[in-house]
Amino acid sequence: MYQIKTDCHVHTILSGHAYSTVEECAVYAAKQELEGIVITDHFCPIREKEFGDKIVPIINLTVLPPYIQGVRVMRGMEADILDLEGHLANYNVMHDGKSVLEEAWKDSELVIASVHRGPGKMETDREDVPGNTGMYIKVLQHPKVKVLGHVGRSGYHFDMLPVIREAGRLGKALEINEASSRFGTQIPALCRRVAELCAQENTRIMVNSDAHSAHSVGIYEKSIHMLEEIHFPEELIANRDLASLEAFLKE
């Protein structure tokens, strides 16, 4: 069985709809014998009146210790993709001459970019395959983005092959997201197809829980089972252990 020793998509109470602290996530990761986690709270459009209680934590992740309970705790974010031009969510409040996004990702070790649906989220034509394909390619070309998050359940149809090839060309990864396995049969089938094409094109993936509770950290049995079924090359899993993750992030 594949061993995935880091979980690079972990949400805390800062995301607003998650239920655990950084400390709780790290403690549970230690129980799961993980080597590392990445804190990737949502960086998404919010109203100006909400800035007060969210900006400071987002730009203050450097106060976290690098290790908790022996688990490497890395700084990250899950940034919303806003439109077909590939723009990422930003807060137009300046901090030391930088936008909040610029200030936040200055110290981020991993940026995952994802499409989310709902109020204040991206609402364009989900059937616009050329537009959505171009969107993902533009996002991959952003120098700070290392991973495309849960493309299998974004709800936006796109041509997988050119996106996967561009990720491979740029040394970036597509996420296989354990939370996507909960959504019927069609979405897991799309995730499986992403993995098959990544194996075909020698493009890396990242296997993550998308945990919104400490009790989900490091849990990705269904994703691992799927990858073993298709004989996915283990060396293409960017976060199989802390050493491979750190090497991937340094590229």
Side-chain angles (χ1 to χ4, degrees), residues 1-44 46 50 53-80 89 100 104-114 116 144-150 153 173-183 205-224 237-249:
M1 185 174 182
Y2 295 167
Q3 296 292 312
I4 312 296
K5 303 300 290 183
T6 70
D7 191 346
C8 301
H9 193 155
V10 174
H11 294 279
T12 75
I13 53 175
L14 179 59
S15 286
H17 58 286
Y19 295 91
S20 303
T21 64
V22 173
E23 179 88 14
E24 290 166 339
C25 290
V27 167
Y28 196 80
K31 291 180 181 178
Q32 295 291 94
E33 299 183 342
L34 296 187
E35 296 176 351
I37 60 174
V38 186
I39 304 302
T40 52
D41 282 306
H42 288 284
F43 199 99
C44 56
I46 58 174
E50 296 178 291
D53 63 348
K54 289 187 170 65
I55 284 182
V56 173
I58 286 171
I59 65 176
N60 201 38
L61 290 174
T62 54
V63 303
L64 293 175
Y67 287 87
I68 298 175
Q69 295 286 311
V71 174
R72 177 77 166 90
V73 177
M74 304 182 80
R75 305 179 302 273
M77 69 167 70
E78 183 181 16
D80 264 26
V100 178
W105 69 30
K106 175 173 62 69
D107 296 312
S108 290
E109 295 168 275
L110 172 64
V111 175
I112 298 174
S114 308
H116 294 94
K144 293 296 293 187
V145 173
K146 288 292 288 186
V147 181
L148 287 183
H150 52 66
R153 76 166 193 266
L174 275 73
E175 182 185 55
I176 300 299
N177 184 294
E178 179 72 9
S180 298
S181 65
R182 302 196 304 262
F183 294 85
I205 64 169
M206 187 173 275
V207 181
N208 293 322
S209 68
D210 199 354
H212 285 66
S213 160
H215 300 283
S216 298
V217 173
I219 306 296
Y220 12 68
E221 282 92 347
K222 291 182 180 178
S223 296
I224 289 175
I237 302 174
N239 63 320
R240 60 190 180 276
D241 55 31
L242 184 59
S244 62
L245 173 62
E246 289 179 333
F248 170 68
L249 295 179

### Message
I'd like to know whether Leu174 forms a side chain to side chain contact (heavy atoms under 4.5 Å, CB included) with His150, so could you lay out the CA-CA distance, the side-chain angles of the two residues, the decisive distance to 0.1 Å, and finally the verdict.
### Response
CA-CA 8 Å; Leu174 275 73; His150 52 66; over 6 Å; no
### Query
Short question: side chain of Glu109, backbone of Arg75 - any donor-acceptor pair under 3.5 Å?
yes
### Task
Mind running ring pair (Phe, Tyr, Trp, His ring centres under 6.0 Å) on His212 and His9 for me, showing each step along the way?
CA-CA 9 Å; His212 285 66; His9 193 155; 7.3 Å; no
### Message
Show the nearest heavy-atom pair for residues Glu24 and Ala214, with the distance to one decimal.
### Response
O-CB, 3.6 Å
### Message
Contact between Met1 and Ile224 at the side-chain level, heavy atoms closer than 4.5 Å - yes or no?
### Response
yes
### Task
Please check if the side chain of Lys144 supplies one atom and the backbone of Trp105 the other of a donor-acceptor pair under 3.5 Å.
yes
### Task
May I ask you to decide if Cys44's main-chain N or O and Asp80's side chain share a donor-acceptor pair within less than 3.5 Å?
no
### Message
Let me confirm one number: the CE-CG distance from Met74 to Leu61, rounded to the nearest 0.5 Å.
### Response
12.5 Å
### Query
In Å and rounded to the nearest 0.5 Å, what is the CG to CG distance from Asp7 to Asn239?
7.5 Å
### Task
Could you tell me which non-hydrogen atom of Val217 sits nearest to which non-hydrogen atom of Gln32, and how far apart they are?
O-CG, 3.6 Å
#### Entry: Any side-chain donor near an acceptor of the partner, Asn177 and Asp210, under 3.5 Å
yes
### Query
Quick one: OH on Tyr28 to OG on Ser213, what's the gap to the nearest 0.5 Å?
8.5 Å
### Query
What distance do Leu110 atom CG and Met77 atom CE have between them, rounded to the nearest 0.5 Å?
10.0 Å
### Ser181 side chain vs Lys222 backbone, donor-acceptor pair below 3.5 Å
no
### Query
With a 4.5 Å limit on heavy-atom distance, are the side chains of Val38 and Arg72 in contact?
no
### Query
His42 and His17: side-chain donor and acceptor closer than 3.5 Å?
yes
### Task
Would you kindly say whether Thr6 and Glu35 are connected by a side-chain donor-acceptor distance under 3.5 Å?
no
### Query
Do Val145 and Val147 pass the side chain to side chain contact (heavy atoms under 4.5 Å, CB included) test, and can you show the C-alpha distance, the side-chain angles, and the key distance before you say yes or no?
CA-CA 6 Å; Val145 173; Val147 181; 5.9 Å; no
### Message
Assess, by modelled atom type and distance only, whether the side chains of Ser209 and Glu178 contain a donor and an acceptor separated by less than 3.5 Å.
### Response
no
### Query
Of all heavy-atom pairs between Ile237 and Arg240, which one has the smallest distance, and what is that distance?
O-NH1, 2.9 Å
### Task
For a side chain to side chain contact (heavy atoms under 4.5 Å, CB included) with Thr12, tell me which candidate from Ile39, Thr40, Thr21 qualifies.
Ile39
### Task
Say whether, by atom type as modelled, one donor and one acceptor occur between the side chain of Ser108 and the main chain of Ala104 under 3.5 angstrom.
yes
### Query
Which heavy-atom pair separates Ile112 from Cys8 by the least distance, and what is that distance?
CD1-O, 3.4 Å
### Query
Do you see a donor-acceptor pair shorter than 3.5 Å between the side chains of Asp107 and Thr62?
no
### Query
Got Cys25 and Ile37 here, is their nearest side-chain heavy-atom distance under 4.5 Å?
yes
### Task
Might you point out which heavy atoms bring Asn208 and Tyr220 nearest each other, and give the distance in Å?
C-CD2, 3.6 Å
### Message
Minimum heavy-atom separation for Lys146 and Phe248, please, with both atom names.
### Response
NZ-O, 3.0 Å
